[in-house]
Structures are given as C-alpha cells and as structure tokens.
Visitor: 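Would you mind keeping the following structure in view while I ask a few things?
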Amino acid sequence: MKKLLLWGTLLLLIACSSKEEAKKEREWRYLYDLGMSSFYAKNYSEAIAHLYKASKIAPEEPTIWNALGLTYMEVEEYTKAERAFKRALKVNPQFSEAKMNLGILYFKSKNYREAIKFLDAALSDETFDKKHLAFYYLAKVYKELGDRKKYLEYLRKATAYNPMFLEAQLELGSAYMDMKLYDKAEKVFNSLLSNNIKTPEIFLNLAKLYYETDRLEEAKGAISRVLEDRQTTNLQKTQAYELLSKILIKEQRKLLGEIEKKKRKQPPKEKEEKKPKKQEHKQKKYGVQLAAFSTEERAKEFINRFKKKGIKDLRIVEISGIFKVIYGSFATREEAQRELERLKNHDIYGFIVEVE
C-alpha cells in the first residue's frame, strides 16, 4: 500500500513538473516571437525588453541569447552584444550562427583578429546554412586589413555559395569596377539581371560601366531605366542626372573631335582677307535641370505634372536624343542655387546647368 502511494506521489510530481515546463516553454516562446517581431520592425527597445524577459524564463535557451545579441548589435551596444553571444555559445558551443554573429560583432568593433577566428569557426561547420554571409563578412575584414586578394577571394565565395546574395554581388561588381576589370563587372551585373533582379542600383552601376567603356548609347539606356523606376531614391536620381551630364559632355567632345578630323583632311582654302569681327560676349545664364528623358513625349508629361503643382517656366532642351527639362533662367549661379534650395523644400530635386 505504501509503495502504491509513493508511486502515485511520484507520478503526480512528474505530471506537475511537465506542466510547469510546458507553461515555461509557452511563455518564453511567446516573448521570443514578440521580440523578433519588434526586431524586424526595427523597434529595438521593445525587442530587447521582450527578449530579456524570455532569457529570464529560459536562461538555457541559446536562440534567445543569440537574438538578444543581434538586437544589442543593431543599437551599437557592443559589450552587451558580446556577452549575449558568448552566453549562447556557453549553453551550446556548437552554435555556428552565434559564432558567425560574434565574428560580425568583432568586425564592426574593429577587432579583426577575433573576427577572423569566429568567422572561420562558423565556416568549419559543414551543416551551417549561412556560409555565404560568413564569407561576405570575412571579405569585409580583409578589405579593412588591406588584403585585396583575400577580399576578392571571399567575396567570390559569398556569391558562389548564394548567387542571389544581392549585397555581395553588388560589392563584387563595384570592386571589379574600381580595378577597371569592366568585363568581369559586367558579368556580375548581367548575372543579376538574368536572375530577374532589376534594381535601380544595378542599372546605375551598368550606366557607369558603359560610360567608362565609351558605350554611351547603352549608358543613356541604363540611366532611363533608373529614372523610370518608382523604387529609385532621390540620391540615385541625382547621381543619374550627374552621370547623364557627363555622358552628354563626352558625346559633344567626341563630335567636336570628329569635326576637327574632317577639317584636317580637307584641302586648305585660299586665305581671304576678312575684316575682324567684333567679339560678342554673351552673358552666361543658369537653369535647374529637373529631369531627362529618351523621348519628347515623356518630357512633356513630366512638365504637365509639374505645372499642376504650380511650377511654371519649364522648357525642353534636346541634346543628342536626350530631352532635358530645364526650370528657370538665372543671371548668376547663386540665384539658381537659391531657387534649387527652395525646390528641395518641396521634395523637387535637380542640379544647376548653364543655359543659353
């Protein structure tokens, strides 16, 4: 009889313990989910509060400490982030994601030796599914250390392990551009386009590449794609307009060079005495270029939209097949600059150009 009572009591204790554990798990998972939702919404204060509460309920759960470390890293609380990642590794020494995140933390805090150590440790795990990210940050470490060979080697590995890793692909393309390896850079950007990744940044990079390799028509086509994309930022639009101006100047210089060549080939004409003409000094005028289009129709549509906003004194200037929309005519660059600043206050962006 006593044995039966003991067994009954033991089973009751086990049942109560199981219920208590299940309750704890529901509580910490609920808080963890809330924390991660706040993290992805970039509300880091809320994320830290929820994750910290979860860590008190389940201090032996490494995923909570890893998430807490990521959140502290976002708000540049590097000491707290380091403690959180190390706590995750203390609970689970084989937690490769925590190793990688600790390596990223050391990269951000410029402790490059430790960054290499922990990133390498994460990469040594053949079951780790975020190797592309570890390779990418290892590349960034070697870039800071001035080792261009390893920088490119690990960037290439990052893109090889995940060809859709846009950030690494763009950095690799830009690195090739800096080294004037334009063929390799173009392959990177075209690879992204073939995978249906068509962002303004890719077309802006292609426009720069075409400009550097004297493929000016292709450069203008890429710029049109940038300017027509609704996702293009104001900064990217400004960069596109500035590059377009450089392209037009380059085209004009090429045209003038061809005219000079033709003149040299022509037989010299007999000199005729001509009365010296009085030189006319035209006063420079300045305007604000707001946009440029490949067709006059689009330029007119653009002007009509701005007229509805009360912006007048707009005109179209056509140069080499590009239809530029110019606002105003000012006697000095300073006047044009003041008007440009006024337009910026109304979220209208452009840059100053000389006009006739």
Visitor: With rounding to the nearest 0.5 Å, note down the distance linking CG in Leu138 to CZ in Phe118.
Guide: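 Result: 14.0 Å between the selected atoms.
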
Visitor: Has Phe165 got more than 12 heavy atoms of other residues, nucleotides or ligands less than 6.0 Å from its CZ?
Guide: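 Yes, because the 6.0 Å sphere around CZ of Phe165 holds more than 12 heavy atoms from other groups.
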
Visitor: Side chain of Trp65, backbone of Pro59: donor and acceptor closer than 3.5 Å?
Guide: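 Yes, because the side chain of Trp65 sits within donor-acceptor range (under 3.5 Å) of the backbone of Pro59.
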
Visitor: The test is salt bridge (charged side-chain N to carboxylate O under 4.0 Å, His left out); show your working for Glu167 and Lys140 and say whether it passes.
Guide: CA-CA 12 Å; Glu167 199 172 354; Lys140 291 173 87 68; 5.5 Å; no

Visitor: If you apply the rule side-chain contact (heavy atoms from CB on, under 4.5 Å), what do you find for Tyr151 with Glu171, and how did you get there?
Guide: CA-CA 11 Å; Tyr151 167 59; Glu171 186 157 345; 2.8 Å; yes

Visitor: Decide salt bridge (charged side-chain N to carboxylate O under 4.0 Å, His left out) for Glu153 and Lys149; before the verdict, give the C-alpha distance in whole Å, the side-chain angles of both, and the deciding distance to 0.1 Å.
Guide: CA-CA 6 Å; Glu153 177 189 344; Lys149 185 179 178 181; over 6 Å; no

Visitor: Does atom CD of Gln231 have more than 12 heavy-atom neighbours, drawn from other residues, nucleotides or ligands, at distances under 6.0 Å?
Guide: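 Incorrect, the count does not exceed 12.
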
Visitor: For Asn92 versus Pro62, what's the shortest heavy-atom pair and its separation?
Guide: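 Minimum heavy-atom contact is CB-CG, 4.1 Å.
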
Visitor: Donor-acceptor pair, Asp125 side chain versus Ala121 backbone, under 3.5 Å?
Guide: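 Side chain of Asp125 to backbone of Ala121, a donor-acceptor pair under 3.5 Å: no, none is there.
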
Visitor: Under 3.5 Å, side chain of Lys250 to main-chain N/O of Leu216, donor-acceptor pair present?
Guide: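 Side chain of Lys250 to backbone of Leu216: no pair is present.
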
Visitor: Determine whether Lys220 and Glu217 satisfy the following criterion, salt bridge (charged side-chain N to carboxylate O under 4.0 Å, His left out), listing intermediate values before the conclusion.
Guide: CA-CA 5 Å; Lys220 288 190 287 187; Glu217 284 302 319; 3.0 Å; yes

Visitor: Ignoring hydrogens and angles, tell me if any N or O in the side chain of Asp229 forms a donor-acceptor pair with the backbone of Arg225 under 3.5 Å.
Guide: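 Judged by distance alone, no pair lies under 3.5 Å.
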
Visitor: Less than 4.5 Å apart, side chain to side chain, heavy atoms only: is that true for Glu74 and Leu70?
Guide: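 SC-SC contact between Glu74 and Leu70 ruled out.
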
Visitor: Using 30° and 60° as the class limits, which term best fits the ring planes of Phe135 and Tyr154: parallel, tilted or perpendicular?
Guide: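 Aromatic pair Phe135/Tyr154 classed parallel.
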
Visitor: What is the minimum heavy-atom distance between Ala240 and Leu227, and which atoms define it?
Guide: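 Heavy-atom minimum between the residues: CB-CD2, 3.9 Å.
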
Visitor: Please find the pair of heavy atoms, one from Leu172 and one from Leu152, that lie closest to each other, and give the distance.
Guide: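 Taking every non-hydrogen atom into account, CD1-CD2, 4.2 Å.
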
Visitor: Before accepting this row, confirm whether a basic side-chain N of the pair Arg87/Glu61 lies closer than 4.0 Å to the acidic partner's carboxylate O.
Guide: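 Glu61 and Arg87: not salt-bridged.
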
Visitor: Treating Glu60 as the side-chain partner and Val91 as the backbone partner, does any N or O pair qualify as donor plus acceptor under 3.5 Å?
Guide: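 Absent.
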
Visitor: If only atom types and distance count, is the side chain of Ser191 paired as donor or acceptor with the main-chain N or O of Lys187 below 3.5 Å?
Guide: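 Pair absent, no side-chain N/O of Ser191 close to backbone of Lys187.
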
Visitor: Nearest 0.5 Å, please: how far is CG in Leu31 from NZ in Lys56?
Guide: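 Between Lys56 NZ and Leu31 CG, I get 13.5 Å after rounding to 0.5 Å.
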
Visitor: With a 4.0 Å cut-off, would you call Glu27 and Lys24 a salt bridge?
Guide: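 Salt bridge absent between Glu27 and Lys24.
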
Visitor: Counting N and O atoms only, with roles assigned by atom type, does the side chain of Thr232 sit under 3.5 Å from a partner on the main chain of Glu228, one being a donor and the other an acceptor?
Guide: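 No, Thr232 side chain to Glu228 backbone: no donor-acceptor pair under 3.5 Å.
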
Visitor: Please say whether more than 12 non-hydrogen atoms of neighbouring residues, nucleotides or ligands are located less than 6.0 Å from CZ in Arg156.
Guide: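 Enclosed.
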
